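Predicted model, so just to flag it, every value in this text is computed and none were measured.
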Amino acid sequence: MIRYNPRGLSPNEVAESRRQHGDNVITPPKDDSVWKLLADKFRDPIIRILLLAAVLSLAIGFVHKDFTESIGIICAIILATCVGFWFEWDAMRRFRRLNQVNDDIPVKVMRDGAMHEVPRRDVVVGDVVYIESGETVPVDGKLVEAVSLRINESTLTGELEVDKTVDEAHFDPDATYPSNVVLRGTTVADGYGVMVSTAVGDATEAGRVTEQATVQSEEQTPLNRQLTRLSRQIGKVGIALSVLIFVILIGKAFLVEGLADAPWPHVVRIVLNCFMVSVAMIVMAVPEGLPMSITLSLALSMRRMLKTNNLVRKMHACETMGAITVICTDKTGTLTQNLMQVYETQLDETCPDIVAEGIAANSTAFLEEKGEGERPAGVGNPTEVALLLWLQGRGRDYMALRSQARVLDQLTFSTERKYMATLVESPVAGSRVLYVKGAPEIVMSRCTLDEARKREYEEALLAYQNKAMRTLGLAYKVIPADAPTDCAELVAAGGLTFLGIFAISDPIRPDVPDAVRQCQSAGIAVKIVTGDTPGTATEIARQIGLWTPEDTDRNRITGAEFAALSDEEALDRVLDLKVMSRARPMDKQRLVQLLQQKGAVVAVTG
């Protein structure tokens with residue numbers, strides 16, 4: 001167990017930890033050498049048949065002093081292998097550039113009671129690491145302090161916003177990763193935290209995923225299997241015809257032409273000639289142009305896909321994508337637009353200016369300047385960005401409203417409080433105003449709200465939550481000039497006026513339902529594999545037409561439940577699954593492997 005010392009590690013402890021656990025560097029995948037890549041081209045079954053044909057053709061050429069056929073076959077081999085080698089070598093070079101990681105990024109650590117900035121590669125197990133908004137988490141670790149901390153785990157689970165806390169009472173029992181654990185390669189979306197490093201380099205979750213992703217699979221592509229079958233058929237048919245022709249020619253020579261009575265030098269010459277003719281049949285049976293035509297078609301496919309920003313490492317993968325029978329897809333950004341938007345509101349329409357100022361002032365997010373036709377985007381909490389986009393869509397300038405409302409005190413959102421509060425000098429109200437937004441049930445508990453109205457809001461919230469939407473409540477309170485300015489104290493005093501609720505969602509892409517229908521009509525099964533909650537994942541599956549009223553719990557599973565199944569149990573269910581929620585990278589890999597055992601050709605997106 002890693003011990004937490006607020007003063008951090010001493011120089012001797014750093015050296016000892018590095019000796020035991022190594023540097024914080026993920027071992028890069030070893031690329032094939034140029035010669036191995038070229039040699040692999042000769043493992044193609046058709047190329048092997050051509051090589052045999054070339055050897056036999058050379059033997060015949062030496063006898064007949066004619067090497068035309070031999071030169072043609074050798075040229076076909078060289079062209080097919082060199083074209084394939086060049087395209088795959090170019091793809092490998094591009095992948096190498098994409099996978100380059102900067103391990104010299106500075107990281108703040110506490111060592112021997114003093115704050116230091118060290119390169120990421122020098123962080124060791126046991127280090128006390130400080131992380132804040134916008135930074136990438138350098139190692140796997142356990143949090144010892146978290147203030148309004150939200151982590152973007154999209155690199156591992158696809159989820160953009162995960163709340164982290166050290167308060168066990170607020171842990172999410174269904175979270176993909178524990179609520180007090182942060183992982184290498186994820187980024188801090190909001191807040192800051194202090195963590196103790198528990199794993200570095202290859203021992204991190206990202207390191208294990210990288211290791212598994214670079215393991216060479218022995219699984220043949222559909223095209224390879226077909227070419228292997230074709231080469232065997234060519235070999236069998238060619239040899240059978242060769243033997244048959246040899247027997248016929250020898251039989252004719254001995255039985256019809258009386259070769260048995262000829263001198264033995266003449267007999268040897270005739271037999272050798274018959275052998276050469278039969279061997280020539282093997283050579284003729286080999287389609288010299290087939291490897292070149294396959295290589296060119298796949299190479300052109302690689303180039304065409306590269307123009308659409310799809311980089312293919314192996315040429316045969318182009319054909320494999322046309323033979324898939326199962327698609328395992330992520331949710332966020334793949335099926336959805338990866339942009340939280342306001343779906344619906346139930347607001348107090350009598351005070352629109354208060355609502356607008358409350359959204360603008362009680363926020364730490366910003367909208368990015370975009371050109372005409374560009375996709376809107378923002379910086380900060382995605383939920384707050386959604387509110388600002390909603391406000392902008394109604395012609396209100398959030399920056400003007402924010403700059404006019406002078407902030408006197410602010411309480412940022414935290415997992416424990418579940419609300420954010422800001423006290424401002426409001427030009428709209430002409431006095432001090434406390435604005436609060438957060439979980440509707442928490443905000444409503446601080447408001448003066450009659451039971452009938454409260455019941456209406458609760459029913460609406462339940463309907464939104466059943467559709468896997470995020471809900472947000474807004475409230476305000478006019479504060480006298482002589483009142484205290486501490487937001488926490490003012491919220492605790494209650495007496496707020498409830499402004500209403502927002503239902504926020506990440507809408508699906510408009511073309512997704514039709515794409516899913518086309519896949520299903522083509523016999524391709526679609527499975528959602530996401531790190532999101534079971535409810536959200538199932539609702540998205542319903543919206544895209546994947547989840548039907550006839551589906552049951554057999555058709556969905558969580559990552560933890562899937563990991564608990566034996567291989568036999570998982571194999572029994574794997575084809576029926578439509579939704580896997582709270583999935584980790586290793587769960588996705590196991591799912592793909594089991595589907596392949598069932599004979600499926602699997603594509604993974606996201």
Side-chain angles (χ1 to χ4, degrees), residues 4 6 128-135 137 141-153 157 159-183 186-196 340 358 361-365 380-387 407 409-423 434-447 458 461 465 469-477 484-496 498 501-502 504 531-533 536 582:
Y4 167 57
V128 178
V129 182
Y130 289 72
I131 53 176
E132 59 185 41
S133 182
E135 294 182 346
V137 179
K142 185 176 182 179
L143 291 167
V144 294
E145 184 180 345
V147 178
S148 305
L149 186 62
R150 293 182 176 185
I151 298 293
N152 178 346
E153 291 186 349
T157 66
E159 297 315 301
L160 292 174
E161 187 181 330
V162 181
D163 292 326
K164 296 293 182 179
T165 180
V166 296
D167 185 352
E168 293 187 12
H170 293 91
F171 281 9
D172 181 358
D174 298 321
T176 309
Y177 294 102
S179 296
N180 64 338
V181 169
V182 289
L183 303 170
T186 59
T187 54
V188 182
D190 194 20
Y192 72 90
V194 182
M195 58 181 281
V196 179
M340 300 301 291
N362 189 26
S363 174
T364 56
N381 185 295
T383 305
E384 292 189 352
V385 170
L387 294 181
V407 176
D409 189 40
Q410 190 171 72
L411 199 63
T412 58
F413 180 90
S414 74
T415 306
E416 293 79 15
R417 284 191 298 271
K418 296 188 184 302
Y419 69 84
M420 177 182 180
T422 304
L423 180 65
L434 174 70
Y435 290 110
V436 180
K437 74 168 183 285
E441 63 275 11
I442 300 296
V443 176
M444 283 194 292
S445 68
R446 302 289 192 273
C447 296
E458 287 174 345
L461 288 170
Q465 289 162 0
M469 295 182 182
R470 295 183 186 179
T471 52
L472 204 64
L474 267 66
Y476 81 104
K477 182 180 181 181
T485 59
D486 182 77
C487 285
E489 185 178 335
L490 292 171
V491 173
L496 278 69
F498 196 64
I501 57 176
F502 283 84
I504 299 171
D532 214 329
T533 63
T536 300
R582 294 302 191 193

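Ionic pairing of K418 and E441 is not present here: no N-O contact between side-chain nitrogen and carboxylate oxygen is shorter than 4.0 angstrom.
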Test side-chain contact (heavy atoms from CB on, under 4.5 Å) on L387 and I504; report intermediate values, then the result.
CA-CA 9 Å; L387 294 181; I504 299 171; 4.1 Å; yes
May I have the step-by-step check of side-chain contact (heavy atoms from CB on, under 4.5 Å) for V129 and E135, ending in yes or no?
CA-CA 12 Å; V129 182; E135 294 182 346; over 6 Å; no
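Note that the CG atom of L423 and the OH atom of Y435 stand 10.5 Å from one another [nearest 0.5 Å]. Distance SG/C447 to OH/Y476: 10.5 Å, rounded to 0.5 Å. Atom OG1 of residue T176 and atom CG of residue D532 lie 8.0 Å apart, to the nearest 0.5 angstrom. Between E145 atom CD and I131 atom CD1 the span is 10.5 Å, to the nearest 0.5 Å. Atom CG of D172 and atom OG1 of T165 lie 11.5 Å apart (nearest 0.5 Å). If you take CG on N152 and CG on D190, they are separated by 12.0 Å, rounding to the nearest 0.5 Å.
Closest approach of F171 and P173 over heavy atoms only: O-CD, 3.3 Å. When every heavy atom of M340 is checked against every heavy atom of A386, the shortest pair comes out as O-CB, 3.2 Å. G191 approaches V188 most closely through the heavy-atom pair O-CG1, 3.6 Å. In terms of heavy atoms, G473 sits closest to V443 at O-CG2, 3.9 Å. The two residues L496 and A475 come nearest to each other via the heavy atoms CD2-CB, 3.8 Å. Here the closest non-hydrogen pair linking L472 and K437 is CD2-CD, 3.9 Å.
Looking at heavy atoms from C-beta onward, K164 lies out of side-chain contact with N180 at the 4.5 angstrom threshold. For the pair V166 and L143, the minimum side-chain heavy-atom distance is below 4.5 Å. In this structure the side chain of Y177 never reaches within 4.5 angstrom of the side chain of V162, judged on heavy atoms. A heavy-atom distance below 4.5 Å is found between the side chains of M420 and T364.
With hydrogens and angles ignored, the 3.5 Å screen pairs no side-chain donor or acceptor of T536 with any backbone N or O of T533. Within the 3.5 Å criterion, the main-chain N or O of H170 finds no donor-acceptor partner in the side chain of E416.
When T422, N362, L411 are each tested for a side chain to side chain contact (heavy atoms under 4.5 Å, CB included) with C487, only one passes: L411.
Between the side chains of S148 and T412, at least one donor N or O lies within less than 3.5 Å of an accepting N or O.
Every residue two or more places apart in sequence or in another chain that forms a side-chain contact (heavy atoms from CB on, under 4.5 Å) with Y130 is listed here: K108, M110, M115, V128, V194.
The environment of Y192 atom OH is sparse: at most 12 non-hydrogen atoms of other residues, nucleotides or ligands sit within 6.0 angstrom.
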